[in-house]
Student: 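This is the structure, below, for whatever I ask next.
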Amino acid sequence: MAVNVSIPKGTRDFSPAEMIRRKYIFQTVEDVFRLYGYLPIETPAMENLSTLTGKYGEEGDRLIFKILNSGNYLEGISVEDIQNSSTAKLAARMCEKALRYDLTVPFARYVVQNRNEIAFPFKRYQIQPVWRADRPQKGRYREFYQCDVDVIGSNSLLNEVELIQIIDAVFQQLGLNITIKLNNRKILSGIAEVIGAPDKIIDITIAIDKIDKIGIEKVNQELESKGLTQAAIEKLQPILYLSGSNEEKTEKISGIIGGTDIGQKGIAELSSIFDFLKNIRLKTSVELDLTLARGLNYYTGAIFEVKANDVAMGSICGGGRYDDLTGIFGLPDVSGVGVSFGADRICDVMNELKLFPENAEISTQLLFTNHGEAEMIYALKALAEIRRAGISSELYPDNAKLKKQFSYADARKIPYVASGGSTEMQEDCFTLKNMQTGAMEKKSSQEIIAQLKK
RNA sequence: GAGGACGUAGCUCAGCUGGUUAGAGCAUCAGAUUGUGGUUCUGAGGGUCGUGGGUUCGAGCCCCAUCUUCCUCCCCA
C-alpha cells in the first residue's frame with residue numbers, strides 16, 4: 001500500500017455528505033442574494049500581487065499566498081539583493097501573482113476595469129474560495145469560501161439597511177440565532193480625534209476591540225504601550241464603559257465626540273440606519289457595539305459583524321462601507337458597501353448545533369438490482385421510463401450477489417429497490433421493496449412511478 | 001510570528017515501572033443463507049507504532065530533532 005498521501009495544511013476534502021450540507025448553505029445564501037436583486041460575478045483565483053498588497057494592513061500582507069514566477073524566478077536577483085532586501089521586497093520581485101485574500105478587493109479591481117459596462121449602482125454577489133497563509137485552528141482554514149454581497153456606486157444608507165435585511169433573512173432561513181453588531185469607523189475616528197491622537201486610530205480600535213477578551217486593564221496597558229498619553233487613555237474610559245440601548249449609547253457618545261466633524265457624521269449615519277430599521281421587521285437584534293473595530297484598512301463608514309449566539313466561534317459574517325477602494329485603482333469617488341458570509345464557519349456552527357436535516361444526503365430514490373444480461377436490458381427500459389418521470393434512480397452495474405446489492409442500497413440509504421428476474425419478466429413487472437418497512441409488492445413500472453411520485 | 005497538546009490497522013482508541021510474535025471495537029471482504037439489506041454467528045485480510053537519530057542486552061513506551069494535526073495568542077470568514 002501506501003505512499004503517504006495528504007493535502008496541504010489548512011485545506012480540506014469534502015465528502016458527498018459534507019458537500020450536500022455545504023451546497024445547502026450556498027443555495028440558501030444565493031437565493032436570498034437573488035431575491036434582493038444582486039447578480040453573480042466571478043474573478044480569477046489569482047490576482048497580480050500588486051493588486052492585493054497594501055489593502056489589508058501589515059498583518060494581512062503577510063498572510064497573502066504568493067505564487068512563484070514560472071521559469072527562472074531568481075532572474076536578476078543578486079546575492080546582495082538576498083542579503084540586503086526585506087523578504088517582502090524579494091517576494092515582490094519573484095512573485096508577480098498571488099492567490100486572492102478576499103473578494104472585496106478583486107471586486108473593486110473588477111469595477112474599475114469594467115466601469116464602462118457597469119450600470120451603477122452595481123449590485124453583485126460572489127461566492128468563491130479565498131486563501132490565507134494563516135495558522136489553522138478552530139474555525140480557521142487556509143482555504144475557505146466567502147459569500148460576498150456588495151453594492152457599489154451609491155452613498156445611500158439604504159444599502160446598509162438592505163444588507164442588514166439580507167443578513168437577517170439568510171440566518172433566519174438557516175435557523176441560526178445570531179447577533180448583528182454595528183459600528184462606524186467615523187465614530188472611531190471621532191474618538192481618536194477627541195482624545196488627541198488621530199494618528200493612532202488603528203491602534204486604538206484594535207485595542208478596544210479586545211475589551212471583551214482581555215478586559216479593560218489589559219486594553220489600557222496595550223494603549224499605553226502604543227504610545228498613548230495617560231490623559232488620552234483617561235478620556236477614552238467612558239467610551240469603553242458605554243452601555244444601555246442603542247439610542248442611549250448614541251446619545252452618550254454624541255455628547256463626547258459630537259464636537260468633531262467626523263464624529264458627528266458618524267453619529268448621523270448610525271442614527272439614520274437605526275431609524276430605517278425601526279420600520280422594518282427583523283428577527284435579529286442589531287446592536288451598537290463601539291468596541292467593534294475590524295482590522296481591514298479600507299473601511300470608512302459602517303462596519304458590521306455577525307456572531308452566532310449559541311456557539312463559540314469567530315465572526316461568521318462581516319463587512320462594511322469603503323469609500324475609496326476603487327480610488328486606489330484609479331476610479332475615485334465611488335463608494336461601496338458589502339458583507340461577506342463565511343460559509344465554512346457557518347457550516348461548522350450548524351454542525352455543532354445539529355441544524356442540518358438528517359436525510360439531506362438521500363439522492364437516489366430507487367435502485368434496480370442486477371440479475372444478468374437479459375434482466376439488465378429489461379431493467380434498463382424501465383429505468384429510462386422512471387427517470388423520464390423525474391425520479392432519480394439507478395441500476396446496480398454488476399451481476400453481484402443480491403446480498404451485496406441490497407447492502408449497497410442500505411448503505412446509500414436508497415428507500416426503494418426494484419428487482420426484475422425471470423419471474424417478473426414473464427409478468428411484465430418488478431418486485432418493489434420498501435427498504436424501511438421491508439414490504440415487497442409486485443408492480444409495473446407505471447405503478448412504481450405512481451408510488452414514488454407521492 | 002509566540003506558546004501548548006497529540007500522532008499505534010481505513011476510523012475511534014487500548015497497550016502496565018522499557019521485556020516473547022503489538023491488541024479491541026467499528027468498517028471491509030468471505031461464509032452460515034445459490035432471488036432479498038439493516039439483527040445474529042464464524043472466519044479472513046489489513047501495522048516499517050508519523051519520520052530521522054540516540055540511550056539500552058532489549059524501545060510503541062525514555063531522550064533529541066523534525067513533520068503533521070488540534071488548541072491558545074496575534075489577526076480574521
Side-chain angles (χ1 to χ4, degrees), chain A residues 1-2 4-12 15 25 29 56-64 87 100-104 127-148 202 205-207 209-210 213-214 218 222 292-297 303-308 312-319 338-349 367-372 375 396 399-425 430-440 442:
Chain A
M1 278 207 3
N4 222 356
V5 289
S6 67
I7 52 175
K9 208 183 192 160
T11 65
R12 294 160 301 158
S15 67
I25 291 173
V29 165
Y56 308 110
E58 203 181 316
E59 179 75 8
D61 278 359
R62 208 161 53 82
L63 299 180
I64 295 171
T87 49
R100 70 164 103 77
Y101 178 90
D102 73 353
L103 300 178
T104 309
I127 299 173
Q128 289 190 277
V130 302
W131 294 269
R132 295 184 187 178
D134 210 343
R135 194 145 193 170
Q137 51 184 282
K138 189 182 183 188
R140 173 167 308 191
Y141 307 102
R142 287 184 150 182
E143 178 183 61
F144 60 96
Y145 271 76
Q146 291 194 326
C147 313
D148 271 38
I202 301 219
T205 53
I206 287 176
D209 186 37
K210 291 182 206 159
K213 267 190 193 162
I214 63 175
K218 292 238 172 92
E222 180 161 335
L292 171 61
R294 299 198 59 78
L296 294 180
N297 276 356
I303 40 186
F304 311 96
E305 191 161 287
V306 175
K307 295 206 112 188
M313 176 76 65
S315 62
I316 53 178
C317 176
V339 293
S340 177
F341 292 79
D344 304 79
R345 283 186 179 177
I346 293 172
C347 200
D348 288 349
V349 168
L367 175 77
F368 282 90
T369 49
N370 191 320
H371 301 262
E375 293 90 341
Y396 196 88
N399 182 11
K401 285 191 174 168
L402 275 177
K403 180 185 169 76
K404 191 169 173 155
Q405 301 193 36
F406 273 83
S407 298
Y408 171 77
D410 200 45
R412 288 273 316 272
K413 297 189 174 117
I414 296 172
Y416 289 95
V417 176
S419 299
S422 49
T423 352
E424 286 89 351
M425 282 171 78
F430 291 91
T431 300
L432 183 69
K433 177 161 183 171
N434 179 325
M435 293 295 280
Q436 203 159 19
T437 63
M440 288 189 279
K442 282 191 178 170

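Here is how names work: the chains are called A, B, and so on, in the same order as the sequence lines, proteins then strands, and each is numbered from 1. All figures in this text were calculated on a predicted structure; none of them were measured in a lab.
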Student: Are the aromatic ring centres of A/Tyr408 and A/Tyr396 under 6.0 angstrom apart?
Tutor: yes
Student: Regarding A/Gly438, tell me which of base, sugar-phosphate or nothing describes its non-hydrogen contacts under 4.0 Å with the strands shown.
Tutor: base
Student: Does one side chain, of A/Asp102 or A/Ser340, offer a donor that lies under 3.5 Å from an acceptor on the other?
Tutor: no
Student: Any stacking of A/Phe406 on B/rG38, going by centres under 5.5 angstrom and planes within less than 30 degrees?
Tutor: no
Student: Please name the nucleotide paired to B/rU48 by Watson-Crick or G-U wobble geometry with both distances under 3.5 Å, or report none.
Tutor: none
Student: Contact class for A/Lys433 vs. all strands (heavy atom < 4.0 Å): base, sugar-phosphate, or nothing?
Tutor: base
Student: Could you check whether A/Cys147 gets within reach of a base, just the sugar-phosphate, or nothing at all, counting any heavy atom under 4.0 Å?
Tutor: nothing
Student: Contact class for A/Tyr408 vs. all strands (heavy atom < 4.0 Å): base, sugar-phosphate, or nothing?
Tutor: nothing
Student: Under 4.0 angstrom, heavy atoms only, what part of the nucleic acid is A/Glu424 near: base, sugar-phosphate, or nothing?
Tutor: base
Student: Describe the nucleic acid contact of A/Ser422 in one word from base, sugar-phosphate, nothing, applying a heavy-atom distance below 4.0 Å.
Tutor: base
Student: Under 3.5 Å, is there any donor-acceptor pair linking the side chain of A/Arg345 to the base of B/rC76?
Tutor: yes
Student: Distance check needed: B/rG1 C1' versus A/Leu63 CG, whole Å only.
Tutor: 10 Å
Student: Write down the distance separating the P atoms in B/rU28 and B/rC61, rounded off to the nearest Å.
Tutor: 33 Å
Student: Using the C1' atom as the point on both nucleotides, what is the distance between B/rG52 and B/rG46, in whole Å?
Tutor: 26 Å
Student: Expressed in angstrom and rounded to an integer, what is the separation of A/Gln405 atom CD from B/rG35 atom C1'?
Tutor: 10 Å
Student: From NZ of A/Lys307 over to C1' of B/rA77, roughly how many Å is that when rounded to an integer?
Tutor: 12 Å
Student: Whole angstroms only, please: what is the OH-P distance between A/Tyr396 and B/rG37?
Tutor: 14 Å
Student: Looking at A/Arg140 and B/rA77, is any side-chain donor or acceptor paired with a base atom of the opposite kind under 3.5 Å?
Tutor: no
Student: What is the distance, to the nearest angstrom, from the CZ atom on A/Arg135 to the P atom on B/rA5?
Tutor: 14 Å
Student: Expressed in whole Å, how much space separates the P atoms belonging to B/rC64 and B/rG18?
Tutor: 16 Å
Student: Heavy atoms under 4.0 Å, any strand shown: does A/Gln146 hit a base, just sugar-phosphate, or nothing?
Tutor: sugar-phosphate
Student: Is the gap between the ring centers of A/Tyr145 and A/Phe341 under 6.0 Å?
Tutor: no
Student: Mind checking who B/rA5 pairs with, Watson-Crick or G-U wobble, both distances under 3.5 Å?
Tutor: B/rU69
Student: Identify the nucleotide, in any strand shown, that forms a Watson-Crick or G-U wobble pair with B/rU40, with both distances under 3.5 Å; if there is none, say none.
Tutor: B/rA32
Student: For A/Lys403 and B/rG37, give me the distance from atom NZ to atom P, rounded to whole Å.
Tutor: 6 Å
Student: Taking atom P in both B/rC13 and B/rA9, what distance in whole Å separates the two?
Tutor: 11 Å
Student: Base, sugar-phosphate, or nothing for A/Ser407, non-hydrogen atoms under 4.0 angstrom?
Tutor: sugar-phosphate
Student: Hydrogens and angles aside, do A/Ser419 and A/Thr369 bring a side-chain donor and acceptor to less than 3.5 Å of each other?
Tutor: yes
